[in-house]
Amino acid sequence: MFDGVAKRYDIMNDLLSLGQTKTWRRKATAIIAPRPGMKILDIAAGTGSSSRPLADAGADVIPADFSQGMLDAGMKRHPDLPFTLADALNLPFDADEFDVTTLSFGLRNTNDVRKALQEALRVTKPGGRLVVVEFSHPTNRIFRDIYMKYLMGLLPKLARKLSSNPDAYIYLAKSIQAWPTQEQLAEKIALAGWETVAWQNFTFGIVAVHIAFKAEQ
């Protein structure tokens, strides 16, 4: 599915998010606070739009993804980044390797969320951080009702007109609707072994960034 939408993935995301995608990525980058000498694994990096600002800040970032189509598109746009084919449930990296492990809009697409979180924990250094950027649930009831009408009604219609693979975006809407709340995801992260789990809402909770730490040894 992701192979089929890779070429126009970033453009479609900007259109269907009403221009919010770039804002969310900027805020997430600020939370990660990349700097020279920091080693970051960007899981489900897609075409590298989440990895680019991390590398530009001087961090040593590896964009990893399960979709070869996404990686191919990413390598054309960012030939200097070390794109790596990787399964989030069985990462091809050593234990305790990264200062930060991050997933932007990718955890929801794994078929075993707990295993993905445990693999992220394995490859993160003791004391290192997890940063998960993911669609979530607006906290205001009135805004949530408006958002769900857009998500389940207007977004699929726009996708049918704008995308060559509208089924991918219909899946997107359904997967967001079924995704855990902020509190529920925080619990899943803690149960996977992470500590000091917290989150920050973007755009009234349409997106939430969850931050957690690996215990010091």
Side-chain angles (χ1 to χ4, degrees), residues 1-6 9-10 13 21 24-25 28-29 31-32 34 38-55 59-75 78 81-126 128-136 168 171-172 174-176 178-180 182 184-195 197 199 207-214:
M1 180 181 68
F2 284 97
D3 287 350
V5 299
Y9 183 73
D10 293 323
N13 280 350
T21 304
W24 295 333
R25 292 201 188 281
T29 299
I31 289 172
I32 294 170
M38 180 183 286
K39 191 169 184 180
I40 303 174
L41 175 62
D42 189 6
I43 303 173
T47 61
S49 55
S50 56
S51 304
R52 180 76 268 166
L54 305 178
D60 178 10
V61 57
I62 296 179
D65 204 281
F66 193 54
S67 164
Q68 187 62 55
M70 285 288 189
L71 295 175
D72 290 343
M75 285 186 281
H78 312 287
L81 297 182
F83 285 90
T84 301
L85 185 65
D87 182 353
L89 307 186
N90 186 23
L91 294 169
F93 305 106
D94 294 333
D96 305 335
E97 188 171 345
F98 298 95
D99 298 295
V100 177
T101 300
T102 182
L103 297 91
S104 294
F105 306 105
L107 184 60
R108 179 174 35 84
N109 297 318
T110 66
N111 59 20
D112 190 333
V113 170
R114 182 166 185 171
K115 189 171 182 181
L117 290 168
Q118 289 173 333
E119 268 293 274
L121 181 69
R122 180 183 67 80
V123 301
T124 303
K125 295 177 182 178
R129 286 182 294 151
L130 171 74
V131 179
V132 176
V133 186
E134 191 53 87
F135 287 107
S136 197
Y171 155 79
L172 170 71
K174 291 180 178 178
S175 67
I176 293 171
W179 188 243
Q182 289 88 328
Q184 290 168 340
L185 181 56
E187 183 177 359
K188 288 178 180 291
I189 292 171
L191 288 172
W194 293 92
E195 297 186 348
V197 185
W199 70 86
V207 166
V209 176
H210 283 70
I211 305 103
F213 292 82
K214 182 171 179 176

Under the side chain to side chain contact (heavy atoms under 4.5 Å, CB included) test, which residues partner Glu195, sequence neighbours left out?
Ala215

The reported gap from OG1 in Thr124 to CG in Asp96 (rounded to nearest 0.5 angstrom) is 8.5 Å

When rounded to the nearest 0.5 angstrom, what distance separates CG in Asn111 from CG in Leu89?
5.5 Å

Side chain to side chain contact (heavy atoms under 4.5 Å, CB included) partners of Glu97, counting only residues at least two apart
Lys39, Phe93, Asp94

Donor-acceptor pair, Asp60 side chain versus Met38 backbone, under 3.5 Å?
no

Checking the side chain of Arg122 only, and the main-chain atoms of Leu91 only, is there a donor and an acceptor separated by less than 3.5 Å?
yes

Minimum side-chain heavy-atom gap Leu130-Ile211 below 4.5 Å:
no

Test log, rule side chain to side chain contact (heavy atoms under 4.5 Å, CB included), inputs Ile32 and Leu54:
CA-CA 8 Å; Ile32 294 170; Leu54 305 178; 4.0 Å; yes

I need the minimum non-hydrogen distance between Ala28 and Val133, along with the two atoms involved.
CB-CG2, 3.6 Å

Any donor and acceptor pair, going by atom type alone, linking the side chain of His210 with main-chain N or O of Val131 inside 3.5 Å?
no

With distance as the sole test, does Thr102 use its side chain to make a donor-acceptor pair with the main-chain N or O of Val100 at under 3.5 Å?
no

Within the structure provided, determine whether Pro34 and Pro53 are in side-chain contact (heavy-atom separation under 4.5 Å).
no

Side chain to side chain contact (heavy atoms under 4.5 Å, CB included) partners for Ala64, two or more places apart
Leu41, Ala86

Taking only residues two or more places apart in sequence, or in another chain, which ones meet His78 in a ring pair (Phe, Tyr, Trp, His ring centres under 6.0 Å)?
none

Quick one: NZ on Lys125 to CZ on Phe213, what's the gap to the nearest 0.5 Å?
15.0 Å

Let me see the working for Val207 and Phe105 under side chain to side chain contact (heavy atoms under 4.5 Å, CB included), right down to the final yes or no.
CA-CA 9 Å; Val207 166; Phe105 306 105; 3.8 Å; yes

For a quick test of reading the model, state the closest non-hydrogen atom pair linking Leu117 to Ala192 and the distance between them.
CB-CB, 3.6 Å

Can you see which heavy atom on Ala120 is nearest to which on Trp194, and at what distance?
C-CZ2, 3.6 Å

Correct closest heavy-atom pair for Lys188 and Pro180 would be CE-CG, 3.7 Å

For the atom pair CG (Leu71) and CG (Leu81), what is the distance rounded to the nearest 0.5 Å?
11.5 Å

Show your reasoning for whether side chain to side chain contact (heavy atoms under 4.5 Å, CB included) applies to Phe98 and Ile62.
CA-CA 10 Å; Phe98 298 95; Ile62 296 179; 4.0 Å; yes

Rounded at 0.5 Å granularity, tell me how far CG in Leu107 sits from CD in Glu134.
6.0 Å

For Ser50, all residues meeting side chain to side chain contact (heavy atoms under 4.5 Å, CB included), sequence neighbours excluded:
Arg25, Asp42, Ala45, Ser104

To the nearest 0.5 Å, what is the distance between CG on Leu85 and CZ on Phe66?
7.5 Å

Report yes or no: does Lys214 contribute a side-chain atom to a donor-acceptor pair with the main-chain N or O of Leu121 at less than 3.5 Å?
yes

How close do Ala208 and Gln182 get, heavy atom to heavy atom, and via which atoms?
CB-CG, 3.8 Å

For Trp179, ring pair (Phe, Tyr, Trp, His ring centres under 6.0 Å) partners two or more places apart
none

Heavy-atom donor-acceptor pair, Arg114 side chain to Leu191 backbone, under 3.5 Å
yes

